[in-house]
Amino acid sequence: MKKRFNLTPYWLILPSVIYLALFFAWPMVQALTLSIWDGDARLQLRAEANLRSPVSDWLPRGAQIEVLQRQGNVVDPDDLGQSNLRTEVWFYIRGEGADGHTVEGWAPEARVRVRETDAAGAPTLGTIRPRIGGGDSLTAVYAGPSAVSDVVGRLEPNTMVAIEEQTILELWYWVRGERDGAVVEGWAPSRYVQVFSDNVRGRIDRGDTGELTLRYLRSMLNDRFFWPALWTTLLLMAIIIPVQFVLAIIMALIIQQQLRGNTFFLYVFAIALGVSELAVGIVWYAIFTQNGYLNSILVSLGWLASPIPYLTADTRHWIIIAIWLAEIWRATAIVMVIVVAGLQAISHEILEAADLFGANLWKRVRYIILPMLRPSLQVALILRTILALQVFAVVIALSGGDVVTVLANEAYRQYYTLRNVNVAAAYAALILMLSMFSAAIYLRMVRSHEEMQE
Amino acid sequence: MSATGNLAAVPAQASEEMLRARQRALLRRRINRGLIYLLAFGLCLWVLAPIWFIASMALTTPATVRTFPKGVLPFIPFSFDTMQFFLTSQGIIPGLINSIVVALITLVLSTIIAAPAGYAISRYLFPGRDFYRLAILAVRAFPVVILAIPLAVVFISVGIYDSVYSLALMHTALTLPTTILVIGSVFASIPYELEEAAQVYGCTPLQAFRAVVLPLVAPGIAASAIFTFVMSWNEVFAASILTVRNRTLPAQVLATLNQSSEPYQFAGGFFMMVPALIFIFLIRRYLFNMWGQISK
Amino acid sequence: MSAKMRTLGLFVAVALLFVACVPAAPAPVAPAATEAPAEEVPAAAATEAPAEEAVAAPAVGEVVFFSTQFAPVEEQEKFRAILREGGFDFTASEEGPLIDVVLAGAQSGVSEIDVIGALHGTFPPLQRADALMNMIDIAEDLMADREFVQAFLETGLLGTEDFLYYIPWMQATYIMAAHVDALEFLPEGADVNALTWEQFGEWCKALAEGTGGPKCGLPHAGLFHRFLQGYAWPSWTGGMVTTFKNDDAATMLEWMRDSLWPYINPESINYAFMQEPLLSGEVWVAFDHTARLLDAFNSDPEAFIGFPAPSGPYGLGFMPVIVGLGIPAHAKNPEGAAALIEYLTRPEVQGKVLKELGFFPVVAGVDTSDLPPGIAIEAEAVAAQSSAPNALPALLPVGLGARGGEINQIFRNAFDRVVLNGEDIRTVLDEEGAKLQALMDETGAPCWAPDPPSDGPCQVQ
């Protein structure tokens with residue numbers, strides 16, 4: 001191994017670094033911060049009903065409030081492009097009421113469907129939308145562009161109305177709430193506030209700024225699946241990985257014996273690589289299910305009177321055994337292929353010399369092959385551990401995902417079933433940490449040996 | 001194999017004993033050999049049994065799939081119906097082509113980027129080496145589900161969304177860590193002295209590399225090629241997120257397989273398996289050293 | 001070696017060229033062996049001129065339609081045949097990736113998908129992110145010539161007054177199915193079409209003892225939370241959220257733990273759908289989705305019967321499953337999307353979906369004469385369930401926004417912890433009830449049927 005310090009290695013690794021940084025660095029950092037950052041925990045209140053006004057105070061999400069005032073600011077068309085603006089469009093309309101009288105006043109755009117526009121794109125003609133859902137089918141028309149101004153009339157659905165004016169408003173509420181025992185007041189954009197039916201009480205629906213928080217980590221730790229998932233994951237790793245390594249080394253040594261049909265054996269041993277995790281889950285479920293292969297064979301041979309259910313909530317040990325077998329079947333090939341590739345570099349002469357001096361198989365393995373395989377074994381161990389932490393398709397297939405669960409399954413559940421990205425990010429961070437921790441240990445175990453070799 | 005010395009120089013009486021000892025040693029070796037064959041066949045059976053089950057369930061009638069006890073003698077009755085249904089479902093052929101293209105591009109790109117990096121981490125002890133190895137592992141260690149939306153947004157914004165090339169880029173990123181580390185580990189097993197020796201004999205460093213090291217490292221490249229192809233071939237998640245119209249086979253077949261009924265699950269699983277098995281079959285020779293240590 | 005490498009490289013190059021040059025058309029590229037019921041478009045079927053090829057048609061263009069329903073391969077092809085008659089196509093997808101793609105489209109301002117068809121529960125996360133278009137105008141146009149079930153239009157509002165997030169597309173519900181051999185084990189005097197839950201438990205017990213093993217099944221790995229929210233809790237307690245942890249609920253859990261679960265096939269923890277266990281004989285009585293039981297009924301109408309869910313002290317709680325069609329906010333082809341929705345909500349097309357796929361219509365005027373025997377069995381059971389004198393419809397949770405999954409988990413936790421793990425009932429109910437209350441408070445969701453309406457967040461008593 002060369003030990004010069006020059007820039008060559010950096011040039012050699014540069015493409016990979018650039019590539020991975022492009023794809024993963026930023027999204028991964030973003031995702032990891034999600035586990036400790038609550039993006040909409042606080043709603044900022046302002047001194048004036050204007051986004052440019054300075055922030056005077058804030059209220060937490062979920063705080064109970066009272067809405068004391070409303071203000072609709074007319075929005076400049078130039079400002080419409082801003083994304084955090086929630087606007088209401090009001091039309092000044094004129095139409096015929098049910099009793100034949102003309103009704104004119106303001107109505108929200110949600111109630112009026114524009115049918116015609118003029119050359120400049122401004123709406124000129126519309127109809128009153130029918131109301132879906134319960135509630136008054138008549139649409140109220142107001143004196144001013146606000147839902148709390150006086151009602152000057154009502155129009156029936158599908159009434160044709162002329163649209164004379166249009167104004168785009170941004171609605172703000174002056175709210176009063178409590179935080180840390182003190183009363184807090186300020187202007188808040190309406191989109192963040194949920195108002196109850198009496199039009200006075202309400203709550204902060206979401207905030208517009210975030211804070212660092214441990215709530216997601218706590219939520220993960222208190223989740224009823226957390227500890228079972230952690231223990232099961234560690235248990236599975238402990239019982240699967242050593243067995244796989246022994247099996248893989250045995251397979252690799254068999255290959256090395258140069259039996260007749262060597263490539264056939266190698267191919268067969270490597271077949272499991274090509275089977276996707278989902279298919280592995282399907283077939284091992286078919287083996288262990290009550291009407292599956294295992295019971296079929298046992299019943300046909302007469303060793304069992306009637307089929308035993310293996311994959312049930314009362315027989316979790318059987319589920320673990322099934323997962324253990326399925327994973328060993330599936331993933332041993334990964335280790336074996338790496339080991340076989342590494343075996344190639346072991347000089348044949350050394351092995352012959354050892355044989356010449358009377359070393360039996362066990363001694364040859366222990367003192368020559370294993371040490372020279374160290375780099376390959378190290379890589380295989382790291383990769384296998386990392387992949388083992390990500391396995392969940394097999395677990396779901398054999399247990400439904402609730403009775404026996406692993407960390408990767410929990411990350412998946414939090415993300416897809418519960419749509420709780422933050423807690424899912426916490427699980428992902430935990431998986432990442434466990435992987436890095438074990439990888440670091442494996443690297444350290446071998447590094448000292450390398451340094452000894454020099 | 002091992003020499004037991006030159007017999008000619010030994011006196012006659014001792015040669016009798018030596019003959020018997022030799023016969024015993026040969027017998028022991030034959031028994032050992034036999035045991036090894038037995039072990040090899042046993043392991044083959046262990047690996048092949050589930051494949052056998054999938055194949056037999058995929059190639060039989062749905063009614064047979066549901067019987068109990070399940071016959072271990074499969075293919076009775078033999079029926080290609082479920083498989084045919086699968087093969088003629090919409091989008092299977094385009095999906096197949098897309099998957100193959102993505103896998104091959106991934107393979108090539110991944111190997112090209114990873115080989116120099118593998119060489120660097122095996123031959124040079126540079127500051128940041130361990131950090132680099134850990135950092136690239138982080139890519140593989142992080143559950144990609146969480147990254148779904150940011151990645152999709154990036155791809156859409158750059159304008160390369162929904163194309164086999166973008167999916168190949170994503171798969172390359174996912175397989176780089178494996179490739180770098182596996183190739184690196186094989187390089188590490190090859191003593192640098194070989195390169196030095198070749199240079200002593202007049203080769204330039206590049207020639208030394210090509211003539212001496214490259215053949216020895218081919219098994220490592222073959223191994224990582226297998227991993228890369230298979231990983232890309234079976235990859236469901238990124239394919240579901242990053243392709244809308246140009247779907248790969250897993251996005252079409254595997255993504256919703258667990259909702260199908262059992263006969264179709266087997267057919268789908270079997271169908272997905274076959275091309276990967278063919279690929280491994282084609283590459284298997286390269287796992288062996290070119291210069292005849294173990295090759296047949 | 002080099003020869004092989006050369007051929008491999010050649011193959012790669014050819015494949016790359018192929019992919020680059022052939023247009024990326026999802027339209028049936030290989031019509032070779034697929035069934036071709038109506039490759040040409042019947043002239044009267046659509047007002048626009050629908051297109052077979054990707055880019056050619058001027059009026060509708062290509063509509064990218066993703067659906068989480070009809071994902072099993074068999075169903076995909078049947079549905080695709082129906083769509084093809086209108087000149088459309090679809091892609092089946094799981095719910096999770098679909099939501100991700102729509103959210104990514106909303107964030108980036110470009111949506112690759114034009115129409116999504118999904119269960120009601122898929123839409124709230126999209127509502128939260130403002131990722132959907134208001135369908136109210138499309139609904140208004142459609143309502144001119146067809147009549148929707150009013151209640152389902154209202155659920156599409158997702159709690160708002162004027163923003164319609166989806167147009168109802170299909171409905172389904174859960175019913176019970178049984179193999180005729182199981183009928184002899186019914187308890188004395190029990191009418192299979194009017195069972196109580198206790199009688200159901202006795203039936204399962206008789207089956208277990210009479211046949212040597214538990215023969216009732218529940219889809220624990222599937223939409224089991226809908227069973228708990230829509231059938232179990234309403235029947236036993238009269239409510240869903242308000243009565244979550246009261247004494248009636250405790251009685252129910254005790255009954256489930258002691259008198260029901262021991263006679264349920266324990267492999268139920270792995271069953272997402274009950275069709276396979278029913279057909280293979282592992283289970284003789286099952287509770288499942290109408291569309292998932294269809295194959296069993298169709299394959300052997302004489303061997304299976306369908307019947308309404310049992311009732312409890314407070315009535316026959318049941319929950320409809322609503323599937324809706326929505327348009328993502330920045331869809332590329334909203335006109336085509338509207339055309340597709342118009343097509344799928346036509347009574348004739350709804351009738352076809354009913355006959356072939358087992359999802360019931362949401363518009364009036366669907367011809368229900370001459371139904372295949374499998375569907376006829378289901379339709380009878382569904383009608384019996386919803387028109388029973390003590391029917392107690394439960395609605396899907398509304399107003400929970402993106403946290404809709406949590407309420408499902410709470411109900412499942414309550415069941416799993418008591419029945420599977422054997423924890424103390426009162427402790428579990430109090431703990432999960434507290435979580436439920438916190439969820440209600442944090443989302444501000446008011447109560448929904450069967451609970452009485454509330455002002456402000458729903459309260460757990």
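Reminder, nothing fancy here: chain letters follow the sequence lines and each chain counts from 1.
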query: Does the pair A:Arg115 and C:Glu140 meet the rule for a salt bridge (charged side-chain N to carboxylate O under 4.0 Å, His left out), with working shown?
result: CA-CA 13 Å; A:Arg115 298 281 182 179; C:Glu140 187 183 340; 3.3 Å; yes
- request: Scan side-chain atoms only and decide if C:Glu267 and A:Thr312 contain a donor-acceptor pair under the 3.5 Å cut-off.
  value: no
message: Between A:Arg129 and C:Asp137 (salt bridge meaning N to carboxylate O under 4.0 Å), is one present in this structure?
response: yes
query: Would you find a donor on one side and an acceptor on the other, under 3.5 Å apart, between the side chain of A:Arg419 and the backbone of C:Gly96?
result: yes
- prompt: Using non-hydrogen atoms only, which part of A:Leu398 is less than 4.5 Å away from chain C: side chain, backbone, both, or neither?
  reply: backbone
field: Which atoms of A:Arg201 approach chain C - backbone, side chain, both or neither, heavy atom under 4.5 Å
entry: side chain
Answer with side chain, backbone, both or neither: which region of [X] has an atom nearer than 4.5 Å to a non-hydrogen atom of chain A?
X	result
C:Phe163	neither
C:Pro97	both
C:Ile407	neither
C:Asn408	neither

Contact listing (chain A partner; residues 214-223 of chain C; heavy atom under 4.5 Å): C:His220, C:Ala221
query: Under 4.5 Å, heavy atom to heavy atom, which residues of residues 411-419 of chain C contact chain A?
result: C:Arg412, C:Asn413, C:Asp416, C:Arg417
message: Can you give me the closest heavy-atom contact between A:Ile132 and C:Ala139, atom names plus distance?
response: CD1-CB, 4.3 Å
field: Over 12 non-hydrogen atoms of neighbours within 6.0 angstrom of CD in C:Glu209
entry: yes
query: Excluding sequence neighbours, so at least two apart, what forms salt bridge (charged side-chain N to carboxylate O under 4.0 Å, His left out) with C:Asp141?
result: A:Arg113
message: If the condition is salt bridge (charged side-chain N to carboxylate O under 4.0 Å, His left out), which residues does A:Arg154 pass it with, not counting sequence neighbours?
response: A:Asp136
